[in-house]
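What follows is a single structure, written as structure tokens, with notes after it.
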Amino acid sequence: MKSKQSITVALAGNANVGKSAIFNQLTGLNQIIGNWPGKTVERAEGKLHFGGYTIKVLDLPGIYSMSTFSMEEIVARDYIAIERPDIIVNIVDASALERNLYFTIQLLELQLPVVMALNQIDFAAKRGIEIDVDSLSKILEIPVVPTIAITGVGIKELLSTVIDVVEGKIESSATKVQYGKEIEENLERLEYTVKERLPQLSARYPARWIATKLLERDEDIAHKVRESEGGAEVLAFADEIINRIEKVHGEPSSIVIASERYGTASRIAREVTRIISPPRVTFEDRLSAVTAHRVLGYPILAAVVATMFSIIFVAGDFLVSVLESLFEEMLVPIASTLLSQVLPPTFVEVIAGGFLSGIGAGLAIVLPYIVPFYILLAILEDSGYLPRAAFLMDNLMHKIGLHGKAFIPLLLGYGCNVPACVGCRIMETDRERFLAGFVAVLIPCAARTVVILGLVGRYVGLHIALALYLFDLVLVFALGRLAYRVLPGEPVGLIMEMPPYRMPSLLVVMKKTWVRTKDFIYIAFPLIIVGSIILQFLMSSGLIWPIAESMSPLMSGWLGLPNLSGIPLIFGVLRKELTLILLAELAGTTNFEQVLTSVQMIVFALVTMIYIPCIATVAALAREFGWKRAVGVSVVDISLALIIGGVAYRVISFMV
Amino acid sequence: MSTDPQLLELLELIKTSGIQSKPIRAVDLAVKLGCSKNNVEKLLETALKEGLIKYVDDVFRLTDMGQMEVQKHREHYIHDKHVHKPGFLGRITRFVEGSIEDRRSHWRHRHGLDENSLRGFYMNIRDLEGRVEETSSLIDLRQGEKGVVAFALGGHGLVRRLAEMGLTPGTEVTVLRSAPFRGPIEISVRGVSLALGRGVASKVFVKRTNREAN
């Protein structure tokens, strides 16, 4: 008897159906989060053992349909169509059955065994909806398991059903969905032609599926057909059929097919759904109405954002002081004493001051702000509030050529620019993603806030610090508009599902936070550490002074700053709040009034705020958009900071 | 050139009866147009004389020319009333465009429609039931109003995306709320709430099913 057989299970479903909750229930902490090869789409994979099998679970990105619109959808469909997992678990939201069945029908067209997890049955019941699981299973000819992912109800049954299907104890025949007679006849003819003429392509994808995609004028598949031998004839034949369908139906063929699928979905949904109590206005509905209200929505949004940042700064401040004293006063001195026994002093400085301080900087400064931020973000995400915020901000975002969803990465930017860059993935097209990333890195993150408040806010006045924030917003809008004009391509409008409000699960929130923090550490830490070592080396070897000297015309001549402030600005590339710490060290005092005038403080804070985001952000930009664009953004931001700094110096001096 | 609105309405009514294959008599036309039988007869006479309709097997039908006339009217209506915003700016841009010689190339170059979506649009207005004046853009619906999707006008990608989100022709939608300052609107379709940006929503054409708001 074989004891270690393995099965690959792919989880597929619409967005907001509790897919990640099911994934977490299945795999626990035993998961690997990475990217799909060559794509910046998250790929989550996990393993578990059940019933003598090793089950590999793959979480496909949440998708609306199987047509190529966003990268997520291409990734998911190519995975299913080409790599062909042993079985697909289709997660369906029981409270929006019709809409979810549209996707199920498309999954069935890919002709793989499918098990349906009918999720959130508790939520559906609360809305007075009861679903006849047996007849749903009978109609679709696939097993259906009711689940409540958040509490883990039905997960065991789901797993044993998966194994039963793989072992052949239960049928999951994945029958083809029949279209209307007219479409069906044409589809079969095209399917036959595809099978006949394109044997290679139809070995990779089901022929009927290719035929359906051709009738929908799917560009990705049409391209694949064109590339194959004999593809031109198939395309010509498909065009002929499309014309015939369009003539009969008076509608573009893709719409005809979508309509038919929805027709089927709605027929099935009606057949298996029973409304046991009349729909009443639930608490969630009321919450939704208030938070997206045209007047009340905005103060609520402001309150949510303000609360979020207060919590982050209070929690962050506390953690920073604890961790920093631990590192700077305990670990680094102890390590350097130990190392100086065996190594020459220069090396000790490089290792202790560079390597250890680098780790310290990452752990003690960045994480205390980022971890609370991620926790709150996950809560906001899972509760369903973010789409409401995007809804309210859509209009404003359009001013910079983006739509409401871009509000989310911009909001992330106030915490840290690194997750903001990653957050740009929610945008649909490459152009929008880059545009959002470009403006997001101009948002003053927590570290820049430390500089603005610590220098300008403390010594010049809080109102001037607020004015700097306001100026930054103006800059974001101006640059966003400019980039929107310069970048080629059409803006995309907002089409976004507004999921119902739900109570977030603590477990899922903690897991999300952990996975994201890990991801952040992977990107940011190597760079922070390497950068710290290089700078420490420059400092120890004395090479830093000629560099500072060479910067003096720029510093004193153009920006009107003291010469020594060039060095903090260089170090600030690692982490922006270092500029302030180093300035204090070089000046030999933390009372900045003794070394800088008010005008100089404003200029210093302004330059710090605008010039390239820290090195970790540059790395995140490079990962999301490629090195060329990352360098481009850096160059633009540095030039901008210098130009604005110089102009501000002259304007403010003139005014004062 | 037929610009008489009553005559156009008559043609629209005859067209709808043709699509529904329900023959329509002069009396029905009079009721629907809200004018006397005499007037209707006069209108029918003009239409017959101009070759816009024909009378076969006791049924009025549109001739090819009549079809074209209706099609042209519908195209003009959608273009002038909906594609250009109703405000002052819309009127100005419409004025600047002047009279348009080649409609197809105008749609393509000025309004960014590709050949595919243009074909879809012509098919959509050809098969539209009822008068074109009864269709309105989704943004014209007030909170709580319901409508049935007639068609979407836009690039192939957008139209298909909308269909996949459930906005296929014939689907009932309810406007739940709209964001201020000409922001997006939230609609309910097939049991799901969907937020549509103003630009997107203005490209979805619906027929109102209840005129009473709330």
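Values reported hereafter were calculated over all heavy atoms of this structure, with side chains retained and with hydrogens, waters and symmetry mates removed. Below, chain A is the first sequence line, B the second, and so on; all start at residue 1.
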If you compare all heavy atoms of [X] against all heavy atoms of [Y], which two are closest, and at what distance to 0.1 Å?
X	Y	value
A:Phe391	B:Ile185	CE1-C, 3.6 Å
A:Ser259	B:Thr168	OG-CB, 3.4 Å
A:Gly493	B:Val200	CA-CG2, 3.5 Å
B:Glu164	A:Tyr102	CG-OH, 3.1 Å
A:Ala96	B:Gly191	CB-O, 4.4 Å

Under 4.5 Å heavy-atom distance to chain B, tell me which part of [X] shows up: side chain, backbone, both or neither.
X	answer
A:Ser254	side chain
A:Glu251	both
A:Asn243	side chain

Decide if atom [atom1] of [X] counts as having more than 12 heavy atoms of other residues, nucleotides or ligands within a radius under 6.0 Å.
X	atom1	result
B:Met68	CE	no
B:Lys207	NZ	yes
B:His106	NE2	yes

Distance in Å, [X] [atom1] paired with [Y] [atom2], rounded so as to fall on 0.5 Å steps:
X	Y	atom1	atom2	result
B:Ser188	A:Met498	OG	CE	12.0 Å
B:Arg198	A:Asp394	CZ	CG	10.5 Å
A:Leu101	B:Arg190	CG	CZ	11.5 Å
B:Gln143	A:Arg294	CD	CZ	8.0 Å
A:His398	B:Arg182	NE2	CZ	11.5 Å

### Message
I need the residue from A:Ser95, A:Ser266, A:Pro499, A:Ala289 with the largest number of non-hydrogen atom pairs under 4.5 Å to chain B.
### Response
A:Ala289
### Query
With respect to A:Ile255, which candidate in B:Leu167, B:Leu162, B:Val159 satisfies the side-chain contact (heavy atoms from CB on, under 4.5 Å) definition?
B:Val159
### Message
Working note: A:Ile495 + B:Arg161, criterion side-chain contact (heavy atoms from CB on, under 4.5 Å); need CA distance, chi angles, decisive distance, verdict.
### Response
CA-CA 9 Å; A:Ile495 304 178; B:Arg161 186 73 176 170; 3.8 Å; yes
Look at [options] and state which one has the largest set of heavy-atom pairs under 4.5 Å with chain A.
options	value
B:Gly183, B:Pro169, B:Ala179, B:Ser193	B:Ser193
B:Gly199, B:Gly166, B:Pro180	B:Pro180
B:Pro184, B:Ala163, B:Ala152	B:Pro184

### Task
Applying salt bridge (charged side-chain N to carboxylate O under 4.0 Å, His left out), run through A:Asp218 and B:Arg160 and close with a yes or a no.
CA-CA 10 Å; A:Asp218 187 284; B:Arg160 185 168 158 200; 3.5 Å; yes
### Message
Given heavy-atom pairs under 4.5 angstrom as the criterion, report whether the side chain, backbone, both or neither of B:Thr171 touches chain A.
### Response
neither
### Query
Relative to chain A, which segment of B:Val192 carries a heavy atom at a distance below 4.5 Å: side chain, backbone, both, or neither?
side chain
### Query
With a 4.5 Å limit on heavy-atom distance, are the side chains of A:Leu494 and B:Leu196 in contact?
no
